[in-house]
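Working notes, structure below.
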Amino acid sequence: MLEVMVKKVNKEEKIVCTSLDVAETFTYYDEENKREYTREHKAVLRAIRELKCSDKFRGEHFSPSTYIDSRGKEQPCELIDKDGLTMLVMGFSDPKAIKFKEAYIQQFNHMEKLLKEKFVERQKGITVRHIVTDMIKQSQENERMHGHAYSLYTDMIYKALFGKTAKQFREEFGIGKTDNLRECFTAEELKSIQSKEMLVSSLIDCGWGYANIKTFLDENCQNQIERKE
């Protein structure tokens with residue numbers, strides 16, 4: 001198992017592993033003899049030196065360091081962060097490295113799938129919000145709430161689903177008032193928000209007022225979604 005640690009590199013705390021860890025974790029596969037061999041530390045250092053990456057990338061993701069060997073002598077090694085490790089291991093061909101690459105590709109595909117799902121939900125959300133906004137306008141709720149109806153209904157839904165207001169979410173995500181808050185939600189969360197927005201628009205259409213709708217959501221949907229921090 002590759003050991004990672006938090007180290008201060010150039011006055012910045014980073015999650016890194018060492019070139020020694022890489023040598024111990026990733027074996028060397030001899031294609032000619034079809035055998036695995038222990039990868040020597042000096043071979044890992046040579047592989048790092050021979051990487052065809054830019055000086056900027058090398059400086060950002062690899063950092064020269066030292067360690068004390070079994071004889072008590074100080075020897076050179078490298079501290080390597082996540083991106084540096086990925087760049088390095090992509091050039092290895094042993095079974096563990098292949099598994100690493102497969103997992104890396106699977107993670108990319110998974111993230112791509114999530115992004116696509118989120119894009120679809122974001123597009124749906126635009127239509128749903130138009131419906132809610134139009135329903136609020138037709139009901140004259142906005143006038144009764146002095147122009148704050150949409151934000152109040154939005155907070156009502158957020159609190160019913162997540163227990164937080166839009167303002168609290170903005171503080172949590174560290175974004176400003178002009179930033180699009182919905183970009184911070186997952187596809188699953190967006191689906192839940194849109195479902196409740198459609199419910200709210202239907203209740204408004206049936207003549208329900210803000211107070212009645214809030215009571216209904218509070219009683220039936222309180223903290224329905226558990227967010228993953």
Side-chain angles (χ1 to χ4, degrees), residues 15 57 60 81-83 86-87 90 99-229:
I15 298 174
F57 184 93
E60 289 176 346
D81 71 6
K82 174 177 65 68
D83 291 344
T86 300
M87 173 71 80
M90 283 299 176
K99 287 182 180 179
F100 176 92
K101 295 175 192 180
E102 287 179 357
Y104 196 81
I105 291 168
Q106 288 170 0
Q107 183 66 13
F108 261 96
N109 290 338
H110 177 64
M111 291 303 296
E112 186 178 54
K113 179 175 179 287
L114 291 180
L115 284 174
K116 285 179 179 177
E117 290 175 352
K118 185 172 179 176
F119 176 78
V120 170
E121 294 307 320
R122 289 287 294 114
Q123 295 303 110
K124 289 181 184 176
I126 293 171
T127 303
V128 171
R129 283 197 303 284
H130 280 311
I131 294 172
V132 176
T133 303
D134 290 343
M135 196 59 64
I136 289 173
K137 286 179 180 177
Q138 291 174 23
S139 68
Q140 298 184 334
E141 280 278 81
N142 205 40
E143 287 78 2
R144 287 194 292 273
M145 295 181 174
H146 309 290
H148 299 296
Y150 185 72
S151 61
L152 288 171
Y153 273 104
T154 298
D155 276 344
M156 176 203 298
I157 291 169
Y158 287 174
K159 289 198 74 174
L161 288 173
F162 312 111
K164 296 179 181 180
T165 64
K167 181 180 178 181
Q168 289 172 321
F169 270 127
R170 289 185 182 281
E171 291 173 352
E172 178 184 323
F173 294 131
I175 62 175
K177 291 182 179 180
T178 58
D179 295 312
N180 193 333
L181 177 57
R182 306 243 173 160
E183 292 291 345
C184 300
F185 291 118
T186 66
E188 180 185 355
E189 290 165 347
L190 289 172
K191 285 180 184 178
S192 297
I193 292 168
Q194 288 149 204
S195 173
K196 294 302 173 287
E197 284 178 332
M198 289 302 296
L199 172 61
V200 166
S201 66
S202 297
L203 293 175
I204 293 173
D205 190 35
C206 291
W208 286 40
Y210 175 85
N212 289 334
I213 295 174
K214 184 177 185 304
T215 299
F216 178 81
L217 290 186
D218 287 344
E219 291 177 351
N220 294 279
C221 312
Q222 192 63 42
N223 296 339
Q224 192 179 80
I225 303 297
E226 183 179 349
R227 301 196 71 250
K228 294 180 181 179
E229 302 296 340

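Applying the salt bridge (Lys or Arg N to Asp or Glu O under 4.0 Å) test to Lys214 and every residue at least two apart in sequence or in another chain returns Asp218.
Phe185 contributes atom CZ, which lies 10.5 Å from atom OG of Ser192 (distance to the nearest 0.5 angstrom). Of the inter-residue distances, the one linking Asn212 atom CG with Ile204 atom CD1 reads 11.5 Å to the nearest 0.5 angstrom. Considering SG of Cys206 and CE of Met135, their distance stands at 9.0 Å, rounded to 0.5 Å. One distance of note links CD of Glu60 with CZ of Phe57; it measures 8.0 Å at 0.5 Å rounding. Glu189 CD to Phe169 CZ: the interatomic distance, rounded to the nearest 0.5 Å, is 7.0 Å. Expressed to the nearest 0.5 Å, how far NZ of Lys191 lies from OG of Ser195 amounts to 11.0 Å.
Taking the side chain as every heavy atom from C-beta outward, Val200 and Leu217 approach each other to under 4.5 Å. Contact check for Thr165 versus Lys159: side-chain heavy atoms found under the 4.5 Å cut-off. A heavy-atom distance below 4.5 Å is found between the side chains of Leu181 and Arg170. With contacts defined as side-chain heavy-atom distances shorter than 4.5 Å, the pair Tyr150/Thr154 qualifies.
The pair Lys124-Glu121 meets the salt-bridge criterion, since a charged nitrogen lies less than 4.0 angstrom from a carboxylate oxygen. A salt bridge is defined here as a Lys NZ or Arg NE, NH1 or NH2 lying under 4.0 Å from an Asp or Glu carboxylate O, and Glu102 with Lys99 fails to meet this definition. With salt bridges taken as basic N to acidic carboxylate O contacts below 4.0 Å, one links Arg182 and Glu197.
Under a 3.5 Å cut-off, the side chain of Asp179 and the backbone N or O of Gly176 do form a donor-acceptor pair.
Residues Ala149 and Ile136 approach most closely at CB-CG2, 3.6 Å, considering heavy atoms. Closest approach of Tyr153 to Gly209, counting heavy atoms only: OH-C, 4.0 Å. Closest approach of Val128 and Met198 over heavy atoms only: CG1-SD, 3.9 Å.
With 3.5 Å as the limit, one finds no donor-acceptor pair spanning the side chains of Tyr158 and Gln168.
Within a 6.0 Å radius of CD1 in Ile175, other residues, nucleotides and ligands contribute more than 12 heavy atoms. Sparse packing is recorded around CZ of Phe119, with 12 or fewer heavy atoms of other residues, nucleotides or ligands lying under 6.0 Å away.
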Does the pair Leu190 and Arg122 meet the rule for a side-chain contact (heavy atoms from CB on, under 4.5 Å), with working shown? CA-CA 7 Å; Leu190 289 172; Arg122 289 287 294 114; 3.7 Å; yes

List the steps, then state whether side-chain contact (heavy atoms from CB on, under 4.5 Å) holds for Leu199 with Phe216. CA-CA 11 Å; Leu199 172 61; Phe216 178 81; 3.9 Å; yes

Hey, mind stepping through Ile193 and Phe162 against side-chain contact (heavy atoms from CB on, under 4.5 Å) and telling me if it holds? CA-CA 10 Å; Ile193 292 168; Phe162 312 111; 4.0 Å; yes

